[in-house]
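Every number for a ligand or one of its atoms is a count from 1 in the order of the listing.
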Amino acid sequence: MINYEKLFSKNAIGLKRSEIRELLKVTRIPGIISFAGGLPAPDLFPIEEVKDVTDYILEKEGKIALQYGPTEGDTRLKEELVRHMKDEGIETTVDNILIVSASQQALDLVAKIFLNRKDFVFVEEPTYVGGIQAFNSYGANMVAVKSDKDGILPESLEANIKTLIDKGFSDKLKLIYIIPDFQNPAGITTSEERRKRILDIAERYDLIVIEDTPYRQLRYSGNSITPMITLDNSDRVISLFTFSKIFAPGFRLGWIVGPKELIEKIIMAKQAADLCTSPFTQSITYEYLKRGYLEKQINIIRKDYMEKRDKMLSSLEKFMPKLEGLSWTHPEGGLFLWVNLPEYMDSRELFLKAIDKKVAFVIGEAFHPQAKCKNSFRLNFSYATKENIEEGIKRLANAIKEYEEEIKNKKFGDSVVFP
Ligand SMILES: Cc1ncc(COP(=O)(O)O)c(C=O)c1O
């Protein structure tokens, strides 16, 4: 028998099967209303348009679309993206863009070019589980920085940096990873003032900022906030975008915007990873954008998710028990909101009770590099139907009420047995 462990790299040894993903398998039980995944509503996928565009591409340029393509990506698609991003307040050029196989690949490539084992990455508390996985796979040390409704606290970020410098780690401090718009998982948006202060800290301590923004185009209320890459004037922001939430995650298509020199380095890393992102899906997406379908699709998604967000917020208001410490965020866009339970509750225990009642969510510790956030959880509102959102929140509220009763009885029982 071969001892594979002996042969694995240090990075591979560090890879662990995600316990959370195992836990989420129960959400596939029939009858469960799942607020767990981060999936777009499948009924909104533009299947007819994609069929149309695909036929056209195969007919017109099948021999190119089915061939290998350049690692940088399809120039025509990048030109369309330059135009699209202008509307988002981002002035860029084709040379500052790299097409990738969606944002998860972007995270992996960015981690690959910057991180040695034990280097430090500053993340929000809580942060995106896939970000944690990507940084973990390169052996990074992650520091979760205290955050509130306006994003990470700059003073806490700076205090963490100073402590590490005092301990002699100054050359190991590398990245600040931020999801500034309708964050996954908490649904919060980093204010413009915070964005500027974070950039100022990054500049003073010479760190790179990774702005991961898959939800930016999905705003339902409030005013748009300037992207960090636009606020940056020292060439230290890399922005990650994806078609997953505004078009179709099955296309596995996204793009990175950043300083040319960094894009060139990432291109080299990508060459080793997959040579190029599928030219076929790039051609289809280019034509889809050129025909103006994307704007139309974003409007359809926005309307539906806004109604779903409102349904989830009004259902929470209506059904949740009035408990001290029980609160939730009110996102202005995106796919998620975050529930804080009273400190004495554990979302893992609640999860099992919720599953009994046939409703699912993701426990808070999944979104923390050190598995904290135990009394919190994430709810997704894009996937379930509006009717199921109301029913699911009703079930969840009942699970919380029962859990509260159980805790109260236990306390009472304990005090009787041990006066
Ligand atoms: C913050 C964030 N980054 C990256 C991703 C990865 O998305 P994809 O690889 O589908 O583009 C997600 C997916 O939910 C996300 O929420």
Side-chain angles (χ1 to χ4, degrees), residues 18 20-21 24 34-42 45 73 77 81 97-112 121-137 142 144 147 151-152 175-190 209-219 227-229 237-257 266 270 273-274 277-278 281-282 285 294 298 301 305 329 331 333-338 361-362 364 366-369 378-383:
S18 161
I20 308 294
R21 291 208 194 270
L24 285 178
S34 180
F35 301 135
L39 308 184
F45 288 144
L77 175 61
L81 289 174
I97 300 177
L98 167 64
I99 304 291
V100 285
S101 306
S103 284
Q104 196 60 39
Q105 181 181 51
L107 284 169
D108 180 69
L109 296 178
V110 164
K112 196 176 194 164
V121 181
F122 299 92
V123 303
E124 294 159 287
E125 183 182 77
T127 188
Y128 168 53
V129 58
I132 297 176
Q133 278 179 315
F135 301 133
N136 238 344
S137 68
M142 273 167 275
S147 309
I152 63 171
L175 306 176
I176 302 174
Y177 173 60
I178 308 259
I179 305 141
D181 304 292
F182 330 118
Q183 198 232 23
N184 178 6
I188 56 154
T189 296
T190 306
V209 176
I210 310 301
E211 172 183 41
D212 186 7
T213 181
Y215 309 102
R216 183 168 172 86
Q217 294 97 323
L218 301 180
R219 174 176 281 280
M228 294 185 81
I229 196 160
V237 175
I238 300 176
S239 292
L240 317 183
F241 295 88
T242 176
F243 285 106
S244 289
K245 303 295 162 46
I246 51 174
F247 181 21
F251 266 46
R252 308 309 300 133
L253 199 58
W255 67 103
I256 303 178
V257 187
I266 303 172
K270 182 171 165 62
D274 67 354
T277 291
S278 159
T281 56
Q282 289 186 69
T285 306
L294 186 69
I298 290 175
I301 294 173
Y305 293 1
T329 56
L335 270 60
F336 308 104
L337 61 81
W338 184 249
F361 53 78
V362 184
F367 306 101
H368 195 289
R378 186 191 75 176
L379 293 176
N380 162 271
F381 52 79
S382 58
Y383 183 71

Atom 2 (C) of ligand 1: which of Leu240, Asn184, Ile178, Asp212 has the nearest heavy atom? Asp212

Minimum-distance protein heavy atom relative to atom 11 (O) of ligand 1: Thr242 OG1, 2.6 Å

Mind checking whether Gln183 contacts ligand 1 via backbone (N, CA, C, O), side chain (CB onward), both or neither, at a 4.0 Å heavy-atom cut-off? neither

Can you establish whether the number of heavy atoms outside Tyr383 located under 6.0 Å from its atom OH is more than 12? no

Closest non-hydrogen atom pair, Gly151 against Thr190: CA-OG1, 4.0 Å

About how many Å separate CG of Asp181 and CE of Met228, when rounded to the nearest 0.5 Å? 10.0 Å

What's the shortest distance from atom 5 (C) of ligand 1 to any protein heavy atom, and which residue and atom give it? Tyr128 OH, 3.3 Å

Judged by heavy atoms only, the candidate from Phe251, Phe241, Tyr215, Tyr177 nearest atom 16 (O) of ligand 1 is Tyr215

Per-atom contacts of ligand 1 with Ala102, taking only distances under 4.0 Å to non-hydrogen atoms: 8 (P), 9 (O), 11 (O)

May I ask you to list the atoms of ligand 1 that are less than 4.0 angstrom from any heavy atom of Arg252? 8 (P), 9 (O), 10 (O)

Side-chain touch Thr127/Phe367, heavy atoms, less than 4.5 angstrom: no

Please confirm whether Lys245 comes under 4.0 Å of ligand 1, counting heavy atoms of the residue only. yes

Heavy-atom proximity to atom 8 (P) of ligand 1 ranks first, among Ser244, Gly38, Gly130, for Ser244

Nearest heavy-atom approach of Arg219 to Thr189 is NH2-CG2, 4.2 Å

Does the distance from a Lys or Arg side-chain N to an Asp or Glu carboxylate O, for Lys112 and Asp108, drop under 4.0 Å? no

Can you name the nearest heavy-atom pair linking Val362 to Ala36, along with the distance? CG2-O, 3.1 Å

Quick one: does ligand 1 sit under 4.0 Å from the side chain of Ser103, the backbone, both or neither, non-hydrogen atoms only? both

